[in-house]
**Student:** 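First, the structure itself, so that you have it in front of you.
Side chains included, hydrogens not; waters and symmetry mates left out as well; all remaining heavy atoms used. All of these numbers come straight from a predicted model, not from anything done at the bench.
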Number of protein chains: 2
Amino acid sequence: MNSEFIIAVHSLVFLAHRPDGMASSEEIATNVCTNPVRVRKVMSCLRKHGFVDTREGSGGGYRLSREPGDVTLADVYRTLAAGSLAPNWCSGDPQSDCLVGSNMGEVMNAVFCGADQQLERYFESITIGQMLSRVAAMARA
Amino acid sequence: MNSEFIIAVHSLVFLAHRPDGMASSEEIATNVCTNPVRVRKVMSCLRKHGFVDTREGSGGGYRLSREPGDVTLADVYRTLAAGSLAPNWCSGDPQSDCLVGSNMGEVMNAVFCGADQQLERYFESITIGQMLSRVAAMARA
DNA sequence: ATTACTGTAATAATATCAGTTACAGTTATT
DNA sequence: AATAACTGTAACTGATATTATTACAGTAAT
């Protein structure tokens, strides 16, 4: 799975966990275990899609702009990783004079579109709020 | 998605399409659009899991050893690409003293295990025989 | 024997992904 | 107004993963 998706989810959960809902790219990067530039790139995308607000300048950072319980992983998936199942590579060749060789690419594509939808449906059932609860439950155990 | 999975599915459909159910690695490679060594590697794996029989030596090649209608994509998936959704990379760090940072890896893992199961369930509903029908339907259209 | 295959390892080429550096723009603080 | 602490991006570098190629031993048909 696309690691930007993971960074995004982790970041959102981290923000949801913060009492004031805020953190800088560096704080997030440390928590996620990656570098701040990558976090900023992902967050920049999340901002454009209305998941977070940004405050530039000193004391700035990111803040959740939606209720954790209202944001599903599917929302994030669609924003950052939609179609990630579809192979970058298509087998076969439309020019082939073989029935299979010439049409497999398209059939395979349809299969993966279906798979992607299936995956989205699953992610639809999990919210950022739930992720936070799960993390907390883990800590108690 | 794992391109070996795609090669495997394409190859099996191609074999199913052959009147005698047989083809050499070179024929398959041409049809799939890749090189014979790769095909042999994938087929070797399929053989070990009982999907095909191999005949070495002159005039040899591969032959489907199960009914196309009985082989699901899930069978192939489990053999060649199971767990492909789970990220190779885990966010966070168990040593972190933050609730989120220390437990997110495990929670994320559980999420992806679920996603993988969801995907398998979907693949369960598609057989090699159906793939062949779809390809044929496409050619008629 | 020769030819046409598979099986597999090793290597080389290529593409993808992640980390780093650099710097312009923004805002709070003093 | 100067400084410090941020975000936003682009460009570059390095690491990693993927794919193709080469090579050769083993097997079976002719």
**Student:** Looking only at the side chain of B/Thr54 (C-beta and beyond, no hydrogens), which of the listed nucleotides D/dA29, D/dT9, C/dG7 gets closest?
**Tutor:** C/dG7
**Student:** Looking at D/dT9, I'd like to know if its phosphate oxygens (OP1 or OP2) sit under 4.0 Å from a side-chain N or O belonging to A/Ser44.
**Tutor:** yes
**Student:** Report the distance from atom OH of A/Tyr62 to atom P of D/dC6, rounded to the nearest whole Å.
**Tutor:**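 Taking OH of A/Tyr62 and P of D/dC6, I get 12 Å after rounding.
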**Student:** When you measure from the side chain of B/Asn31 to the backbone of B/Ile28, do you find a donor-acceptor pair of N or O atoms at a distance under 3.5 Å?
**Tutor:** no
**Student:** Compare the minimum distances between each of C/dG7, D/dA20, C/dA28 and the side chain of B/Asn35, then state the nucleotide with the smallest one.
**Tutor:**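 Closest nucleotide among those given: D/dA20.
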**Student:** Rounded to the Å, how far apart are A/Trp89 CH2 and C/dT16 P?
**Tutor:** 14 Å
**Student:** Just to be sure I understand the rule, does A/Arg38 reach a base, reach only the sugar-phosphate, or reach nothing, if contact means heavy atoms closer than 4.0 Å?
**Tutor:** sugar-phosphate
**Student:** Rounded to whole angstrom units, what separation is found between the CD atom of A/Glu56 and the P atom of C/dC23?
**Tutor:** 19 Å
**Student:** Select from A/Gly57 and A/Asn2 the residue whose nearest nucleotide in DNA chain C is closer to the 5' end of that strand.
**Tutor:** A/Asn2
**Student:** Of all the choices, D/dA29, C/dT8, C/dT6, which nucleotide is nearest to the side chain of B/Lys48 once you look at every atom?
**Tutor:** C/dT8
**Student:** In whole Å, what is the span from the NZ atom of A/Lys41 to the P atom of C/dA22?
**Tutor:**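 Spelled out: NZ on A/Lys41 to P on C/dA22 is 20 Å.
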**Student:** Would you call A/Arg78 and A/Glu124 a salt bridge, taking side-chain N to carboxylate O under 4.0 Å as the test?
**Tutor:** yes
**Student:** Would you say A/Ser58 reaches D/dA4's phosphate, i.e. side-chain N/O to OP1/OP2 under 4.0 Å?
**Tutor:** no
**Student:** Could you pick out which residue, B/Arg47 or A/Ser3, lies toward the 5' side of DNA chain C when each is mapped onto its nearest nucleotide?
**Tutor:**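 Residue closer to the 5' terminus by nearest nucleotide: B/Arg47.
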**Student:** How many Å lie between CE on A/Met1 and P on C/dC17, as a whole number?
**Tutor:** 13 Å
**Student:** In whole Å, what is the span from the CD atom of A/Glu4 to the P atom of C/dG19?
**Tutor:**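 Nearest whole value for this atom pair: 11 Å.
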**Student:** Please report the distance, rounded to the nearest Å, between CZ in A/Arg40 and P in C/dT20.
**Tutor:** 13 Å
**Student:** Quickly work out the A/Ile7 CD1 to C/dA18 P distance and round it to whole Å.
**Tutor:** 7 Å
**Student:** Can a donor-acceptor pair be found between the side chains of A/Tyr122 and B/Asp116 at a distance below 3.5 Å?
**Tutor:**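 Per modelled atom types, A/Tyr122 and B/Asp116 side chains form no pair under 3.5 Å.
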**Student:** Parallel under 30°, tilted from 30 to 60°, perpendicular over 60°: which one fits the rings of A/Phe123 and A/Phe5?
**Tutor:**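 Aromatic pair A/Phe123/A/Phe5 classed tilted.
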**Student:** Determine, step by step, whether B/Leu15 and B/Phe51 satisfy the side chain to side chain contact (heavy atoms under 4.5 Å, CB included) criterion, reporting the C-alpha distance in whole Å, the side-chain angles of both residues, the deciding distance to 0.1 Å, and the verdict.
**Tutor:** CA-CA 11 Å; B/Leu15 288 179; B/Phe51 293 91; over 6 Å; no
